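I have placed the structure first, in the form of structure tokens, so that the comments after it can refer back to it.
Order of the sequence lines fixes the chain letters, A, B, ..., with proteins taken first and strands second; residue numbering starts at 1 for each chain. Quick caveat: nothing in here was measured; it's all calculated off a predicted structure.
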Number of protein chains: 2
Amino acid sequence: MATTPRPATIKDVAKLVGVSYQTVSRVINDKPDVDPETKRRVLEAVGVLRYRPSRHARALVRPDVKTIGLIVPDVRNPFFPELIDGVIDSAAERGWQVTITTTGKRPGREAEVLHATLRQADAVIGYFDHTEDAIRDLDTDMPLVTVDHELSGPFGGVRIGVDRAVREGVAHLLARGHDELGMLDGSSGCDRHRRRQVFTDMLTGLGRPPAARRIRVADPSIEAATAAAHDLLDDNPELNGIFAFNDLMAIGALHALRARGLDVPRNCGVLGFDGLALGQLVTPTLTSLHIDKHRLGALAVDQVERLFADPAARPEPGSTLLEPELVVGGST
Amino acid sequence: MATTPRPATIKDVAKLVGVSYQTVSRVINDKPDVDPETKRRVLEAVGVLRYRPSRHARALVRPDVKTIGLIVPDVRNPFFPELIDGVIDSAAERGWQVTITTTGKRPGREAEVLHATLRQADAVIGYFDHTEDAIRDLDTDMPLVTVDHELSGPFGGVRIGVDRAVREGVAHLLARGHDELGMLDGSSGCDRHRRRQVFTDMLTGLGRPPAARRIRVADPSIEAATAAAHDLLDDNPELNGIFAFNDLMAIGALHALRARGLDVPRNCGVLGFDGLALGQLVTPTLTSLHIDKHRLGALAVDQVERLFADPAARPEPGSTLLEPELVVGGST
DNA sequence: ATGAAAGCGCTAACAT
DNA sequence: ATGTTAGCGCTTTCAT
């Protein structure tokens with residue numbers, strides 16, 4: 001009796017026990033009115049055959065567990081675990097499950113990943129950092145909720161407030177006496193260059209527009225930012241404050257400053273963005289514009305719920321905006 | 001014409017277009033032999049009705065995308081994103097998807113979570129840190145692969161080598177002159193107290209068994225470990241080396257030592273376990289027994305594949321053992 | 001307490 | 001190029 005490659009079905013179990021397969025159905029669903037002895041024999045057969053009910057066949061005839069597909073660039077980027085945690089928690093409250101897909105190793109294939117995920121999930125929550133035409137041009141009717149993304153289409157989305165936050169952060173730097181400011185901007189990320197725009201506008205409004213050489217663009221990682229910070233300081237030795245696109249880049253700045261023997265915040269203040277837990281572990285601790293990432297994930301799930309209730313529903317633009325909060329650490 | 005709450009089916013589309021529903025099937029599956037004009041009209045109706053093919057009905061009649069359920073305590077613990085990344089990458093290579101569930105907020109319910117996940121996935125990879133009877137006593141026939149777990153049952157599992165690693169780490173501490181050793185042990189985690197056991201045995205073998213007061217048990221988090229490290233140092237001021245259950249606890253030790261004005265590694269060396277990326281960001285960088293967590297995830301997926309090939313397959317005990325590697329940082 | 005029959009939404013032969 | 005038929009594995013009436 002060789003092991004059948006095909007998984008056992010409910011009928012296989014029924015045949016083995018010698019009952020009709022509805023009886024088996026009753027047993028595995030714990031319905032009443034089954035002879036205890038019959039039940040025992042069915043359960044035994046289930047074990048022997050390694051029978052597991054097909055969730056697909058089941059879903060066809062009963063209300064199904066909803067599945068949310070979550071797409072992020074890279075789960076190892078410490079920003080995302082917290083977001084993921086928020087999505088999972090919120091989904092779990094509703095009895096939904098979450099499948100995660102990453103695009104990091106496949107940039108330029110975000111649209112492809114999105115479509116594949118859409119096929120396996122009831123709705124998708126996506127954080128895309130390469131605003132590609134492929135995504136921008138997508139059918140607007142998909143059950144898609146974007147996170148922190150400036151899509152032109154009427155997608156449901158949750159956004160992170162940038163303008164007020166950056167102004168508050170820069171004002172804080174200035175108030176602490178960091179008035180010769182440079183910026184480390186990220187080369188990818190959802191709101192690409194928006195943070196830089198506000199930074200520049202604000203300083204310009206104050207009558208001191210930043211020279212182009214005071215802004216460096218780099219991959220938003222610690223390593224790339226460290227190198228970029230060195231460049232920045234090479235070209236602008238007078239700097240006494242750095243605004244970084246995110247906390248990873250801010251940490252890179254910290255590394256570069258330490259390597260140069262400069263004290264933070266005495267010689268140079270550093271301001272990050274994101275408020276990663278990580279920022280509290282480095283020395284000095286990071287001052288940052290803190291995003292409640294768990295909440296961000298929860299808000300996205302809320303949007304999904306609205307989409308389920310009414311597939312045609314589209315949130316008002318900017319209806320779901322999460323404002324970062326300045327958390328002052330030791331780096332300013 | 002009110003919006004039907006029930007999602008549109010292939011038949012709804014067919015009716016609207018005035019063709020048989022198999023024609024619709026052809027269109028949405030991009031089969032040949034469809035009149036372009038018919039195709040156009042079908043696609044239009046698909047848009048109007050927001051029709052999305054049921055993945056369950058599809059899965060019933062075609063080879064299905066496999067789903068792996070991954071259970072971890074807490075995605076925010078930096079150990080897990082790397083593990084998750086390994087699982088996702090490995091699964092993606094095979095065209096499988098991964099759903100993630102966390103138990104952290106529901107300790108004591110690991111068995112419950114496991115069963116729920118099992119119902120929604122084709123196989124489960126689980127990291128359980130509360131070796132409960134409920135899990136220990138589980139039906140041994142489940143398609144379950146445990147990670148770093150000492151289950152008595154014949155589950156497929158991947159393990160982390162402890163003995164050789166701890167010996168190597170402690171030998172390193174001693175070689176660096178850290179010969180008055182204490183340990184911060186974790187109160188949870190898969191191989192609970194195994195690391196402590198090897199630590200104690202080794203020192204005992206060297207003729208210097210550690211006094212009980214030189215070992216503190218705490219929740220394996222930075223905060224709890226910081227407090228525990230203070231206790232440890234209060235009671236053992238002569239210590240010049242600390243072996244921590246994991247990197248988070250090692251970082252806690254670093255915090256406590258700094259708060260006490262002690263220099264690491266001059267006054268006291270610190271050895272961690274896990275080799276988190278995080279350990280390279282703290283000052284000094286952490287010496288740690290590095291686990292290739294990405295690989296760990298990949299190995300688990302390999303086991304799942306074996307389970308799919310032969311549901312009765314159970315790996316040889318210890319057949320899948322991943323040996324940590326000592327990575328020397330600045331903390332020793 | 002158990003069986004028979006219908007049908008969930010879809011794809012895959014097999015017609016025409 | 002399109003329609004007909006069968007059947008995937010299961011739950012649910014409805015009988016018996």
Short side-chain N/O contact from [X] to OP1 or OP2 of [N], under 4.0 Å:
X: Thr23(B); N: dG3(D); result: yes
X: Arg58(A); N: dT11(D); result: yes
X: Lys31(B); N: dA12(C); result: yes
X: Ser54(A); N: dG9(D); result: no
X: Ser25(A); N: dT11(D); result: yes

**Prompt:** From the list dG7(C), dT2(D), dC8(D), which nucleotide is the closest neighbour of the side chain of Val61(A)?
**Reply:** dG7(C)
**Item:** Among dG3(D), dT2(D), dC10(D), the nucleotide that comes nearest once only the side chain of Thr9(A) is considered
**Value:** dC10(D)
Nearest-angstrom distance from the residue atom [atom1] of [X] to [atom2] of [N]:
X: His56(A); N: dC8(D); atom1: NE2; atom2: C1'; result: 12 Å
X: Arg62(B); N: dA6(D); atom1: CZ; atom2: C1'; result: 17 Å
X: Ile10(A); N: dG7(D); atom1: CD1; atom2: C1'; result: 16 Å
X: Asp64(B); N: dG9(D); atom1: CG; atom2: P; result: 12 Å
X: Leu60(B); N: dG7(C); atom1: CG; atom2: C1'; result: 12 Å
X: Arg119(A); N: dC10(C); atom1: CZ; atom2: P; result: 15 Å
X: Tyr21(A); N: dA6(C); atom1: OH; atom2: P; result: 11 Å
X: Asp35(A); N: dG3(C); atom1: CG; atom2: P; result: 11 Å

**Prompt:** Touch check for Asp33(B), heavy atoms < 4.0 angstrom, all strands: base, sugar-phosphate only, or nothing?
**Reply:** base
**Asked** Looking only at N and O atoms, is any donor in the side chain of Arg26(A) or the base of dG3(C) less than 3.5 Å from an acceptor on the other one?
**Response** yes
**Prompt:** Side-chain donor or acceptor of Gln22(A) under 3.5 Å from a matching atom on the base of dT13(D)?
**Reply:** no
**Complete:** Per side chain to side chain contact (heavy atoms under 4.5 Å, CB included), Phe128(A) is matched among Leu114(A), Val72(A), Val113(A), Val147(A) by Leu114(A)
**Message:** Tell me which one of Ile88(B), Val87(B), Asp85(B), Ile84(B) satisfies side chain to side chain contact (heavy atoms under 4.5 Å, CB included) with His294(B).
**Reply:** Asp85(B)
**Asked** Taking atom types as modelled and ignoring hydrogens, do the side chains of Arg55(B) and Thr67(A) form a donor-acceptor contact shorter than 3.5 angstrom?
**Response** yes
**Message:** Please evaluate residues Tyr21(B) and Asp12(B) with respect to the criterion side-chain contact (heavy atoms from CB on, under 4.5 Å), reporting the C-alpha separation (whole Å), side-chain torsions for both, the decisive distance (0.1 Å), and the verdict.
**Reply:** CA-CA 8 Å; Tyr21(B) 69 98; Asp12(B) 297 324; over 6 Å; no
**Complete:** Shortest non-hydrogen pair, Phe80(A) vs Asp74(A), comes out as CD1-O, 3.2 Å
**Fill in**
By nearest-nucleotide position on DNA chain D, the 5'-leaning member of Pro36(B) and Ala57(B) is Pro36(B)
